[in-house]
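Okay, so here's the structure we're looking at.
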Amino acid sequence: DQARAMSSAAAVFDAEQFGDPDQNLTLMSRMIRATRNGDMAMQYQPKLHLASGTYLAAEALCRWTDPEQGVIFPDHFIPLAEETGHIREFTLWSIEQVVRDQQALWKAGHEISLAVNISGSLISDPDFAELALHIATQGPERISFEVTETAAMQNPERALANLEKWAAAGIRLAIDDYGSGLSSLAYLKTLPSHELKLDRAFVTHMASSQRDRMLVKSTSDLAHGLGLEMTAEGVETLESLALLKLMGCDWAQGWALAKAMPLNSLIEFLETHAQTAIPDTAPGAEQN
Ligand code: C2E
Ligand code: MG
Ligand code: MG
Ligand code: MG
């Protein structure tokens, strides 16, 4: 029947996307082993609070350091983990790590908030929602969950119920990669959230593209109109940084400031970057 035809088409597509099923199995069991032997770890990319010039938050990004292959980035294994269902256990593990690291950070005197990425495929799962909530509320302060817009739309009613439960427990919710999906406005209309993270596609070239600047500014105004804080991802130049501050954007994150780093380096970074001066817009940045 049609459903079966579609699911076998999906299976073929997955096999093409992810290669040999045996190899996938190996990759997944290696991934699980990596979370147990310390080869997998959460790293942290600082987020600059533009009004104060202070790093008040950081996003947790997982890094797998394989003894033979070196660093393996999440884009190489998260999609497969979503496909195979391993993402559930992995995400619970990652929340645990982030809560533990947050305790260490706060003990070291850095009372910043940490965000963890939650795959959209998990948001409609009520058991996951309970477990995640239980782990996430063990730390000194509530952490944030970053959710990607497209995936959460898969089962909007269930997703909505779980997000509301999280929000009620004090977990901050951020809509990740905003603008890269299809139903952005529908999403904003219904989902409880505190922060909007604009996809880096609009941010990276904003200093040289008036069109991009217009999109960033409008999105920032939209976010504020809805009572959300706005984060710009992919800030790769000081020109973008200056423009973002001028526009009233709340948070900036990107390689112009810092890449993701291990917890120890984050502590050092916070100690050496207590105050960050944001440059004025460079003359000539307003071309195009
Ligand atoms: P994301 O949540 O949108 O994370 C931002 C990505 O952009 C990160 O890539 C980060 O390293 C990268 N990035 C940051 N600043 C810049 C910049 O200025 N320029 C450019 N070109 N890139 C920048 P990363 O760490 O490779 O992660 C990719 C995606 O993988 C993440 O996108 C997130 O969706 C997923 N991911 C990462 N860690 C986890 C995790 O622990 N759990 C889950 N479920 N997903 C994760
Ligand atoms: Mg994210
Ligand atoms: Mg993002
Ligand atoms: Mg992303």
Side-chain angles (χ1 to χ4, degrees), residues 28 31-32 34-35 39-48 55 57-65 70-101 113-123 125 128 132 135-136 143-152 172-181 184 193-207 212 216 219 230-241 244 251-263 265-266:
M28 285 300 95
M31 177 184 165
I32 292 164
T35 60
D39 287 349
M40 183 83 73
M42 303 310 285
Q43 293 199 356
Y44 297 91
Q45 185 177 35
K47 285 173 64 180
L48 184 64
Y55 290 94
E59 174 177 6
L61 297 161
C62 61
R63 294 290 181 263
W64 175 359
T65 310
V71 178
I72 309 172
F73 285 86
D75 285 340
H76 290 283
F77 55 88
I78 294 288
L80 185 62
E82 287 170 347
E83 207 62 35
T84 57
H86 281 110
I87 193 67
R88 195 174 186 276
E89 196 169 339
F90 175 78
T91 304
L92 294 172
W93 174 86
S94 71
I95 301 170
E96 234 167 59
Q97 306 299 302
V98 171
V99 166
R100 191 202 57 197
D101 288 348
S113 59
L114 297 180
V116 58
N117 287 286
I118 308 286
S119 293
S121 59
L122 292 171
I123 293 164
D125 175 344
F128 171 82
I135 302 169
I143 59 178
S144 300
F145 285 172
E146 294 192 4
V147 174
T148 313
E149 58 176 339
T150 44
R172 259 177 78 87
L173 299 172
I175 298 176
D176 205 355
D177 301 342
Y178 181 77
S180 62
S184 308
S193 47
H194 305 88
E195 177 182 346
L196 194 155
K197 298 192 78 178
L198 183 60
D199 194 77
R200 67 167 178 266
F202 306 96
V203 177
T204 303
H205 305 292
M206 64 183 286
D212 288 1
V216 176
T219 309
M230 155 96 172
T231 297
E233 307 186 312
V235 180
E236 295 186 2
T237 64
L238 295 178
E239 285 84 359
S240 303
L241 185 66
L244 288 165
W251 299 89
Q253 182 179 353
W255 295 346
L257 300 163
K259 288 193 173 180
M261 59 187 89
L263 180 70
S265 309
L266 177 71

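These figures come from a predicted structure and were not determined experimentally. Both counts, for ligands and for their atoms, begin at 1 and track the order of listing. Any value given below was found using the heavy atoms of this structure, including those in side chains, with hydrogens, waters and symmetry copies removed.
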Requested in this report: Answer whether the closest heavy-atom distance between the side chains of I72 and M31 falls below 4.5 Å.
Outcome: no
Query - S119 neighbourhood, listing ligand 1 atoms whose heavy-atom distance to it stays under 4.0 Å - result: 44 (N)
Query raised in the report: With a 3.5 Å cut-off and no angle check, do the side chains of E82 and S121 form a donor-acceptor pair?
Result: no
**Report entry** Residues which pass side-chain hydrogen bond (donor to acceptor under 3.5 Å, both in side chains) with E236, listed by chain and number, not counting sequence neighbours
**Finding:** none
Name each donor-acceptor pair under 3.5 Å that joins a side chain in residues 88-95 to protein atoms two or more places apart or in another chain, with its distance.
residue: R88; atom: NE; partner: D125; partner atom: OD2; Å: 3.1
residue: T91; atom: OG1; partner: I87; partner atom: O; Å: 2.7
residue: S94; atom: OG; partner: T91; partner atom: O; Å: 2.8

Query - V216 vs M230 side-chain heavy atoms within contact, under 4.5 Å - result: yes
Query raised in the report: Hey, is K197 touching ligand 1 through its side chain, its backbone, both or neither, going by heavy atoms under 4.0 Å?
Result: neither
**Report entry** Test item: E59 and N117 side chains (from C-beta on) under 4.5 Å apart, heavy atoms
**Finding:** yes
Report task. Answer yes or no for N117: is there an N/O/S atom below the 2.8 Å cut-off from the Mg ion (ligand 2)? Result -> yes
Report task. Give the single entry among Q43, R63, M42 that approaches atom 41 (O) of ligand 1 most closely by any heavy atom. Result -> M42
Query raised in the report: What atom name does the N, O or S atom of E146 nearest to the Mg ion (ligand 2) carry?
Result: OE1
Report summary line: The atom name of the N, O or S atom in D177 nearest to the Mg ion (ligand 3) is OD1
Query raised in the report: Side chain, backbone, both or neither: which part of D177 has a heavy atom under 4.0 Å from ligand 1?
Result: side chain
**Report entry** Any side-chain heavy-atom pair of E233 and D176 under 4.5 Å
**Finding:** yes
Query raised in the report: For T91, is at least one N or O under 3.5 Å away from an N or O on ligand 1?
Result: no
Query raised in the report: Can you name the N, O or S atom of E233 that is closest to the Mg ion (ligand 3)?
Result: OE2
Report task. Give yes if a backbone or side-chain nitrogen or oxygen of C62 is under 3.5 Å from a nitrogen or oxygen of ligand 1, and no if not. Result -> yes
Query raised in the report: Going by heavy atoms in the side chains, are L61 and F73 under 4.5 Å from each other?
Result: no
Query raised in the report: For atom 8 (C) of ligand 1, which candidate among D75, V203, L61 holds the nearest heavy atom?
Result: L61
Query raised in the report: G234 heavy atoms, cut-off 4.0 Å: which ligand 1 atoms fall inside?
Result: 17 (C), 18 (O)
Query raised in the report: Is any side-chain heavy atom of L266 closer than 4.5 Å to a side-chain heavy atom of P46?
Result: yes
Query raised in the report: Can you tell me the N, O or S atom of E59 that's nearest the Mg ion (ligand 2)?
Result: OE2
Query raised in the report: Short N/O distance, under 3.5 Å, between S94 and ligand 1?
Result: no
Requested in this report: Go through the steps to decide whether F145 and I123 satisfy the test side chain to side chain contact (heavy atoms under 4.5 Å, CB included), and finish with yes or no.
Outcome: CA-CA 11 Å; F145 285 172; I123 293 164; over 6 Å; no
Query - Chi angles and distances behind the side chain to side chain contact (heavy atoms under 4.5 Å, CB included) call for M40, W64 - result: CA-CA 4 Å; M40 183 83 73; W64 175 359; 3.7 Å; yes
Report summary line: The answer for which part of E59 has a heavy atom under 4.0 Å from ligand 1 is side chain
Requested in this report: Return yes or no for this condition: an N or O of W255 is under 3.5 Å from an N or O of ligand 1.
Outcome: yes
**Report entry** Close N or O approach (Q253, ligand 1; < 3.5 Å)
**Finding:** no
Query - Part of T148 with heavy atoms under 4.0 Å of ligand 1, whether side chain, backbone, both or neither - result: neither
Query raised in the report: When you measure from atom 24 (P) of ligand 1 to each heavy atom in A60, P74, S240, which option holds the nearest one?
Result: P74
Report summary line: Looking at D176, the N/O/S atom that lies nearest to the Mg ion (ligand 2) is called OD2
Report summary line: Nearest non-hydrogen contact to atom 6 (C) of ligand 1 from the set E236, Q45, R200 belongs to R200
Query raised in the report: Does the side chain of T231 pick up a donor-acceptor pair with the side chain of Q253 at under 3.5 Å?
Result: no
**Report entry** Any side-chain heavy-atom pair of S119 and I78 under 4.5 Å
**Finding:** yes
